[in-house]
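To start, the structure under review is shown below, and the notes come after it.
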Amino acid sequence: MALLEVVDVSKIFPGVRALDSVSFTLQPGEVHALVGENGAGKSTLIKVLTGVYQPDGGELRYQDSPAQFGTPMDAQRAGISTIYQEVNLVPLMSVAQNLFLGREPRNKLGLIDRGRMEREAREVLAGYGVTTDVRRQLGTLALGAQQMVALARAVMIDAKVVIMDEPTSSLEPREVQTLFGVIRDLHVRGIGIIYVSHRLDELYEICDAVTILRDGRLVHTGKLAGLERIKLVSLMLGRDMAEVRREGATAFSGAATGHDEDPPVLRVRGLNSRHKLHDISFDVRPGEVVGLGGLLGAGRSETVKAIGGAYHLDSGQIEVDGKELKKPTPVRAVQAGVAVQPEDRKAEGIVPGLSVRENIALAILPRVSRGGFVSDAKIDAIVDMYMKRLRIKASSPDQAVGDLSGGNQQKVLLARLLATDPKVLLLDEPTRGIDVGAKAEVQSLIDGLAAEGLGVVLVSSDAEELVEGSDRVVVLRDGVVVGTLTGAEVTTEDLMSTIATEAPREH
Amino acid sequence: KSEDSGTTSAAGAPSAGAQVVQSADPSAATCTLEQYGGTKVDLKTAKVGFSQSEKEANPFRIAETQSIKDEAAKLGITNLTTTNANSQFNKQISDVEQMIDSGVQLLVIAPLNSDGWDSVFAKASAKKVPIITIDRKINATPCKDYLTFIGSDFAEQGKRAADEMAKAMGNKGKVAILLGSPGNNVTTLRTSGFKDQIAKIAPDIQVVFEQTGNFSREEGQKVTEQLLQSNPDINGIYGENDEMALGAITALKSAGKKAGDVKVVSIDGTKGAVQAIVDGWATAVIESNPRFGPLAFETATKFFGGEPVGQDIIIQDRQYGTDNAKTDISAAY
Amino acid sequence: MSTETVAARPVVDAARLKAWLPKYGVYAAIVLLVVYNIFFTPYFATWSNLRIQLIQVAPIVIVALGMALVIGTEGIDLSVGSVMALAAAFIPLYLGYGVVAAILVALLAGVAVGLINGVLVAKVGLQPIVATLALFVGGRGLAVVISEGKLVDIRNPDFLYLGSGDLLGIPVLVWIAALMVLIVGFVMRRTVFGRRLLAVGGNRPAAELAGLPVKRVLITVYVVCAVLASIAGLLSVARIQSSDASSVGLLIELSAITAVVVGGTPLTGGKVRVLGTVAGALLMQLVIATMIKHNLQPSTTEMVQAVIILIAVYVARERKTR
Amino acid sequence: MTMTNVSGPETPAIVAEDVRKAERTDRVVGTIQRQGALAVLVVVVLIALATFPNFRSFDNAATILVAAAPPMLIALGMTFVIITGGIDLSVGSLYVLGGVLAAWASQYGILAAFLLPLAVCGAIGLVNGLLIAYTRMAPFIVTLAALLGARGLMRAISAEGSNTYLVQDDTFRKLGNGSFLNIGYQVWLVAGLVVIGMVVLARTRFGASVYSVGGSEDAASLMGVPVRRTKVWVYVLSGLLAGLAGAINAAKLGSGVTVLGTGMELDAIAAVVIGGTLLTGGAGTIAGTIAGVLLLGVIQNLINQVGNLNSNWQQVISGAFLALVVVAQTYLVRLRRVT
Ligand SMILES: Nc1ncnc2c1ncn2[C@@H]1O[C@H](COP(=O)(O)OP(=O)(O)OP(=O)(O)O)[C@@H](O)[C@H]1O
Ligand SMILES: Nc1ncnc2c1ncn2[C@@H]1O[C@H](COP(=O)(O)OP(=O)(O)OP(=O)(O)O)[C@@H](O)[C@H]1O
Ligand SMILES: [Mg+2]
Ligand SMILES: [Mg+2]
């Protein structure tokens, strides 16, 4: 008896067949992995299951009878609860309100019982390791904490199916374990779970079954246990197993490319920002990849943004290529050769309504123009090069970036940064939400860029990526540098122990 | 009643353009301090309020406000408050209410609208504040809700415009009306007065076109431009104020018409319009005299002095035509 | 690039129409209206009629162009009518120093208002509708104060040439509007400023992080909009042959916004349709002209306008797939 | 830039304490910001009390309140609309239309005088809401069309505005001009509705939906909030309140005046924004709106108190004052962000 079933479902967007006769079955109590490259159609399938999109063909069956969900509300009422890829809560409302929106506890008069709502919210969230004032605006929480609120909300509903689209992409390891605990609990209670993730370790840790999509088509479905890891990846990529086998866990070469004797291309001294950053100092030499390690909320994003001129600093000194960057603003930073890839690509990265071409050329307009008039030929040459180099999948350079899959949006963003010919590249979670194929491409790209002499600062919550990708790791905690790992120290174990044990240095 | 019968001059010899009361019909209703139930006050020291309806941004309103202020100064009235509703009717109501609250003893109001004064009357009658409405009449009971009305007869103005138009067109042809702002009772009366009179005296004149120009020169011009395209054979244009008529004349000029091809008659009596008669583009202008100051304060003085004052003081409006435009232009405002 | 994922397109006519209508609906509506008028409105299909319609629409087109740019940055400018009034107020004061001086002063007034709007929006961070509301209220008052409430007749023939003269058989006014359309179209298509403007409207934080001079772009946009409005203001004065600060450009902000939106530029920013804006203004002009020529009452005109706006915008609305 | 932190970074305990303090400051400043309009109102009123003897009278206060009653209703509806991220430009026309309908219907009694404007204006609000919610047309343009359409309708039923219907029903008229405790009945009515509005917005699921739709429409819809229904309702509400405002105004004026000033919608928007509601939606309070409406009313009153000011200067001053208040508001928000 299947819990949820789709038969031959298709979904067509202008120019893209996002789902092409895909069939999929979810059993009760099953944790079913849904995997595929960026743009394979995972999110689209989920949105079809939950009534966000109406399928263009095929059938949807729920608990053995044909079903049709006109809105997410319908699906939710029927017991299908979803955590979407991008955190989908209301940032301006309080944590408690977000948790209870639409099913607030009410008093005898039918009015919302605020006290009870807040009390219950505190209790529920404590179970997910989030201890915060539930009256705070949700938007002021870190992404990870927001994701936990979304999770708590989804599970609180009396759900029979819980769908999670890349729930761990913004969680820290401790939070991931909390999540897995919840999933196991749901599994025991016979609830079906659809789990989308690009992190293969996670899949093998908690999933029973797997369905693999490629370019909108179903390529494999079955038990996960028997499926070799390499086989899974090759199915996803549609490439030969042997070819995949040659590549490691990440695409980083591991060879240090920096030279200690070179003068630093980026020198950061004593960055201070009230309550957030305290005396942050480090150097980046040309050709070096410096990782910024730490838990969520450690201040890594703030550090990166501050260097890029987009975060208020009370004091501190930034030098790029020996020249001081005075009173940093994004304009001055870009001019000085600093390129920042923000953490939240939807809100601060791409311009969704503009085409791939416009997005890539955005920051270099003065360079491809004369006297204020742009040269389309110059732009086309650059755009063409980066689309090829980063293998950006778009129907044409004129496609709106908002219509691309997450991974491709990220690549467009990277292309924009690289086009500015930066001296220092600051990457905040560059591979978040990117499939294995694209991830490898981005990683080897970072390596290549470093080899070309760029200074790179890498922020990543993926410890493995951070360790393999960085020549040196600066570890932050609560806005303070708590240690630096160099040479042989750059290992996951050392990183974890530095984060966990070492107390902040005292002067 | 002839043109110049029964003129009781306002204050001695009428200066150029001063208002003149139409007729002092002895049987016409009057009002006294006793009837109204107010108290006697000395105007010089009294608190007087004047509520203007529209911005002082056209000749009529500028002249009207200025006339009130000048006369007050002349009479030595030091405590005059003026407000302006900027064409917002609700603002005029609260402006007036606020003046009543602050204890004015005489109100002169240029109402934006003839109806809708209930709350003001309720407040004013409690305090027995005499109200003189000028230029537009309020639909209520004189000597009870308000003291008296001083102003022109708008329907009569329309009628006189019709007479002039009929004369100029030789009692036949097609005429277009440039209406004032919709919903305004000046518009309504100037329209009905004109149309009724045309129907009566010159049934061969057809009103073929009626569109609003909102009392503005620009819109008068725009509408006339459209009119000339759709009715190239138009013979006469009646502008319900001078501004629209002047806009119409600009349109006529740029459409290649010659002065006098299309007869233009309008109401108000501004300098520009009278000049247009001199230049030959306009045929006649019926005056609507805005200089209410002397008459209003004279009425108030009489009222507080215990004398009876008329409940409906209709002023006599001049008229400009080809015969007198040149000589009388100095009286225009 | 994934050319293989592109679905084999079954060429359904309805679907094609669906894609076509939002883009070309305004033009289709204009054609329909013209055809109707040719058959049912006497003297419509004449050169002099076309001339009048173009002359009347020219100032609205000029203002709407600036408005389209502001709307492209996800803003709105309510103060355009007041700017026209200010320009009108300055013309007679400075005409004594020559036409050029008067025009320069009028344009400077536009620059000043635009700077205030721009600074309030970009630097102080006010929401555009409120920032420009202040000058919408105060600007016209100031204009009337400057002109002392007087309507002044303009007689300078050089200046009047702008409003009623012809060049190669086409009114100067129309030439100027056409020139503005070309310039704005060119700016949006080919210049750094145009592209930055769209990026700022499409995602302001992203534009900021990408190192674009966002504030400068915003201030420039409001200045350009106000300067265009002051051009419209001085042209209106030249056309009416008199300067009346209290009435010139009254309610033009609504006409301009309507033209922009009917022309297919979304109020959410990130996109500007220059030709669409011209078409939007023309459509509304034709609607009003048709109503007047058929001597319909204001009530009917207003209700018909409402319905046409709704239909035009419905057809041209952004189709979201979800 | 120099290093100011000579003693080096604080210990974690101090950092935590610091963060707590920051959060507290944040809340305090947040409250001031939310009540910014009220603060400005208090300051303005205090200055006025000290400067203008005529401002001090009870009558004057009552006049201000009565004059503010219809704008308050309109701004109340507008607050709901703006919190959903929308805007309603049609309210000014609906207000005039409501007044004309109420005056006409008063010949059939007081009930009719209320029900007809509510029904018609509510229906137009419904059309606005349906178009906005189901066709994704921009609220600005839909309600702009409704502004024209409603005005056309008003003119069509009043012989192009020349026909002013007089209020026939004495009870209805009484409601407009009578008072309780020397404060007009309308003020009490509006106060009651405002309190209900506050409760609805802050303490009901509908209110929560309103905030969520404005805060993030996509998220709200994915969280199962009936986004479209919420939008439809706020426009219906706005239409109803505008119609009601028109009706009580007709009761006060004793007739269905057709030439009530335009621009009422912009005043309402200004009041709501001054009250701290974000035009982008998702945040705002009715308490702020009350302060915003009263502030505009008091400014108007003060300009009259100055007396003999040329009408054009009055407008310049209104504009400047508006800018000043909004800049002050924004500055308070900025203060909050920097901490
Ligand atoms: N609203 C849309 N309009 C047009 N195309 C779309 C839309 N949404 C998705 N697509 C396209 O459909 C395809 C599938 O996208 P989808 O988001 O389902 O991929 P995904 O597997 O979730 O990728 P990722 O791992 O990057 O999240 C992509 O090519 C994408 O560009
Ligand atoms: N679990 C949590 N519960 C409550 N608040 C949190 C939690 N985690 C972080 N925060 C708060 O969220 C804010 C923003 O953190 P932010 O994401 O900017 O940090 P970060 O170091 O850049 O993290 P990362 O780059 O890894 O996402 C911080 O003020 C932090 O105190
Ligand atoms: Mg996805
Ligand atoms: Mg971060």
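Every chain is numbered from 1 and lettered A, B, ... according to where its sequence line falls, protein lines coming before strand lines. These numbers come from the heavy atoms of this one structure, side chains and all, not from hydrogens, waters or symmetry mates. Predicted model, so just to flag it, every value in this text is computed and none were measured.
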* Structure fact -> Exactly one candidate in B:Q211, B:E210, B:M244 meets side-chain contact (heavy atoms from CB on, under 4.5 Å) with B:L179; the answer is B:E210
* To do: Identify which part of C:N49 has an atom lying under 4.5 Å from any heavy atom of chain B, answering side chain, backbone, both or neither.
  => both
* To do: Between chain B and each of C:I240, C:T301, C:T41, count heavy-atom pairs under 4.5 Å; write down the option with the most.
  => C:I240
* Can you tell which of C:L296, C:I55, C:V144, C:L250 has the highest number of heavy-atom pairs within less than 4.5 Å of chain B? -> C:L296
* B:Q157 and B:D317, any side-chain heavy atoms less than 4.5 Å apart -> yes
* C:S236 portion near chain B, given a 4.5 angstrom heavy-atom threshold -> side chain
* From B:T83 OG1 over to B:Q52 CD, what is the distance, rounded to the nearest 0.5 angstrom? -> 8.5 Å
* Quick one: which of B:S230, B:G220, B:S216 has the most heavy-atom pairs under 4.5 Å with chain C, could you say? => B:S230
* Side chain, backbone, both or neither of C:S147 within contact of chain B (heavy atoms, under 4.5 Å) -> neither
* **Part of C:I288 within contact of chain B (heavy atom distance under 4.5 Å)** => neither
* Asked: With a 4.0 Å cut-off, would you call B:E64 and B:R61 a salt bridge?
  -> yes
* Asked: With the threshold set at 4.0 Å, does a side-chain nitrogen-carboxylate oxygen contact exist between B:D242 and B:K271?
  -> no
* Side chain / backbone / both / neither for C:Q53 at chain B, heavy atoms under 4.5 Å -> side chain
* **Crowding at OH, C:Y27 (>12 non-hydrogen neighbours, <6.0 Å)** => yes
* Asked: Checking heavy atoms, do the side chain of B:E243, its backbone, both or neither come under 4.5 Å from chain C?
  -> side chain
* Let me know if C:L151 has heavy atoms under 4.5 Å from chain B in its side chain, its backbone, both or neither. => side chain
* Report the C-alpha separation of C:R51 and B:E225 in whole Å, then their side-chain angles, then the decisive distance to 0.1 Å, and conclude whether the salt bridge (Lys or Arg N to Asp or Glu O under 4.0 Å) test is met. => CA-CA 10 Å; C:R51 205 184 136 84; B:E225 283 169 352; over 6 Å; no
* Side chain, backbone, both or neither: which part of C:S48 has an atom under 4.5 Å from a heavy atom of chain B? -> both
* To do: Have a look at B:N241 and tell me which of B:N214, B:L178, B:D268, B:T270 forms a side-chain contact (heavy atoms from CB on, under 4.5 Å) with it.
  => B:D268
* Structure fact -> Highest number of heavy-atom pairs under 4.5 Å with chain C among B:P182, B:P232, B:A176 belongs to B:P232
